Amino acid sequence: MTFRTRFAPSPTGYLHIGGARTALYCWLEARHRGGQFILRVEDTDRDRSTDAAVQAILDGMSWLGLDPDEGPFFQTQRMERYRAVAQQLLDAGKAYWAYESKEELEAMRAAAMARGDKPRYSGAYRDRDEPCREDPNRVLRFRNPRDGRVVFDDKVKGRIEWDNAELDDLVLVRSDGFPTYNFAVVVDDIDMGITEVIRGDDHVNNTPRQINIYHALNADAPAFAHLPMILGPDGQKLSKRHGAVGVMQYREDGYLPHALLNYLVRLGWSHGDREIFSIGEMIELFDISDVNQSASRFDFAKLGWLNQQYLKNDNPLEIASELAWHLNRLGIDPSIGGPCPVDVVIALRDRVQTLKEMAERARIWYAPIREWDEKAVAKHLRADGAAEVLGAAHAKFAELKEWSPQAIHAAIEELANERAMGMGKIAQPLRVAITGTQVSPSIEQTVYLAGRDESLRRIDDAIDKAAK
RNA sequence: GCUCCCUUCGUCUAGCGGUCCAGGACGUCGCCCUCUCAAGGCGAAAACACGAGUUCGAUUCUCGUAGGGAGCGCCA
């Protein structure tokens, strides 16, 4: 039997960070074992499912590079199949019709709670053996075994045991004819030949009921692996309050997909002291049974560090095209003018953690200085001799044979030697002249990226400003 | 309330009975480098939730306690 995993989101919102990690683990596990990864959209809740959410999930997965081998399949397109399997269960006496109204069920639960019991379905119709009748409240319920235990070896959590007495007769088919989650997953996972179910640990409680359904269908249950939750930095459930929850938001915030993947793979899993993993290494080394059992918190600081690692080490050409996307979002079109984005990447990759920051910092080379840092002006432009130094730099730059960081560096060094000044005395006024601030990449990069004409213009402006 | 699950530095984790007065990484702090900011280098502080067992020996095994989480839907 070939090894097959699946990711089965319900399209009720964007692909969130926990879902992304689940998808990643499913994908890695399939790739690691040379099996297949299937994408299935669980859209049986017609009230909450939307096409936009389906698209958001697809977009998120494709941005992350988590390509499925099969799918997406949609449960709403498999209605006939669920109906047939339901009939099969009914014929075999493993399911029965029940007719309680939602209010009655509600009262039943409340009464059980009041007694200190678990709120469960009483099984009132279980043994009535009535002929089927039309009724708006009619649902098909599973005849869950009354005794015995369900035992399974979770690949993450270890052995988990459950008394059947704890389980009630769950609804398989709703009164509107749609299958419930617990029923549809089992049918799908059997039909799609899924051999390993990897999902969030909020599903462990469903697993014993699903295993019973597998058995009722004379099918072998797959292996299960339940992943611990990802919490917000404060240890609370991850929510909008924590900022980025949808995966595509990370793109907008300037993270590289590989960095996010690397961060996610290390959240709950590790391989010795290793922190950086190429996709190939993840596939080679990942094993679902090495995943941790406890919830982990999301740490933006570490994600930022990882992102910078990729910014620094990936091919600058590739980073440059990502940077262009972010520049566009700021209304800058680098193809029209200004420095080449690759040079910008090289100048800034050691100084920022995200592409978004990089684009914002790159602004000074694509557009005029918007705002002067008055403290910087006072300290460096209006300092004694600053205007004179700027004038000398202007002259040297104007005469440079080639406009390169090396040539600019040589010119500044020469200037420093001529006047026996420290580099700082020259670099800082220049920096303020070019950027309006006292923070930027190395002075030769800063000047180089501005371009010769623009540099000379800005130096002139700064000299004027110094005089005022 | 009931059932199930979880518990090593602030955070992510290593550890699978002695190698641990607990290792790495992020973050923090200090020093070095230095034209600013970073990056980089070096170094420091920082954890086995608690209590019983089992054992010659427990971070590692068992059981409790405490704390946290999940589920108990005609939602997935």
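No hydrogens, no waters, no symmetry mates; every other heavy atom, side chains included, goes into these values. Quantities reported herein were computed from a predicted structural model and do not represent experimental measurements. Per chain, numbering begins at 1; letters A, B, ... match sequence-line order.
- Checking G27(B) for Watson-Crick or G-U wobble geometry (two distances, each under 3.5 Å) identifies no partner in any strand.
- Using Watson-Crick or G-U wobble geometry with both donor-acceptor distances under 3.5 Å, U36(B) finds no partner in any strand shown.
- The phosphate of G1(B) has neither OP1 nor OP2 within less than 4.0 Å of any side-chain N or O from R115(A).
- Remark: N292(A) is in phosphate contact with A14(B), judged by side-chain N or O atoms under 4.0 Å from OP1 or OP2.
- With a cut-off of 3.5 Å on both pairing distances, the Watson-Crick or G-U wobble partner of U65(B) is A49(B).
- Contacts of R109(A) with the nucleic acid, taken as non-hydrogen atoms under 4.0 Å apart, involve only primed sugar atoms and P, OP1 or OP2.
- With hydrogens and angles ignored, no donor-acceptor pair closer than 3.5 Å exists between the side chain of E166(A) and the base of C72(B).
- Nucleic acid contact for L267(A): sugar-phosphate only, since backbone atoms but no base atoms lie under 4.0 Å from a heavy atom of the residue.
- For a distance-only test at 3.5 Å, the side chain of E275(A) qualifies as a donor-acceptor partner of the base of G24(B).
- At a threshold of 4.0 angstrom between heavy atoms, the contacts of T44(A) are confined to the sugar-phosphate backbone, with no base atom among them.
- Residue R266(A) places its side chain closer to G24(B) than to any other of G24(B), G10(B), C74(B).
- Among the protein residues, P9(A) comes within range of no part of the nucleic acid, since none of its heavy atoms lies under 4.0 Å from any strand.
- The phosphate of C74(B) has OP1 or OP2 within less than 4.0 Å of a side-chain N or O from R141(A).
- In summary, R6(A) and E196(A) do not engage in a salt bridge, as defined by a charged side-chain N under 4.0 Å from a carboxylate O.
- Here K312(A) reaches the OP1 or OP2 of G40(B): one of its side-chain N or O atoms lies under 4.0 Å away.
- In this structure, a donor-acceptor pair under 3.5 Å is absent between the side chains of N137(A) and E100(A).
- Between the side chain of R351(A) and the base of C37(B), a donor-acceptor pair under 3.5 Å is found.
- Considering only the side chain of I160(A), C4(B) comes nearest among C35(B), C4(B), A38(B).
- In this structure U3(B) sits in a base pair with A70(B), meeting the Watson-Crick or G-U test at under 3.5 Å.
- As the counterpart of C9(B), no nucleotide is assigned, since no Watson-Crick or G-U wobble pattern has both distances under 3.5 Å.
- Mapping S175(A) and G424(A) onto RNA chain B via the closest heavy atom, the residue that lands nearer the 5' end is G424(A).
- At the heavy-atom level, N206(A) lies under 4.0 Å from base atoms of the strands shown.
- Contact between the side-chain N/O atoms of S296(A) and the OP1/OP2 oxygens of C12(B) is not found at any separation under 4.0 Å.
- Contact annotation for H203(A): base contact, defined as any heavy-atom pair under 4.0 Å involving a base atom.
- With both pairing distances under 3.5 Å, A14(B) is matched to nothing as a Watson-Crick or G-U wobble pair.
- Using a 3.5 Å distance cut-off with no hydrogens or angles, the side chains of T207(A) and R199(A) do pair a donor with an acceptor.
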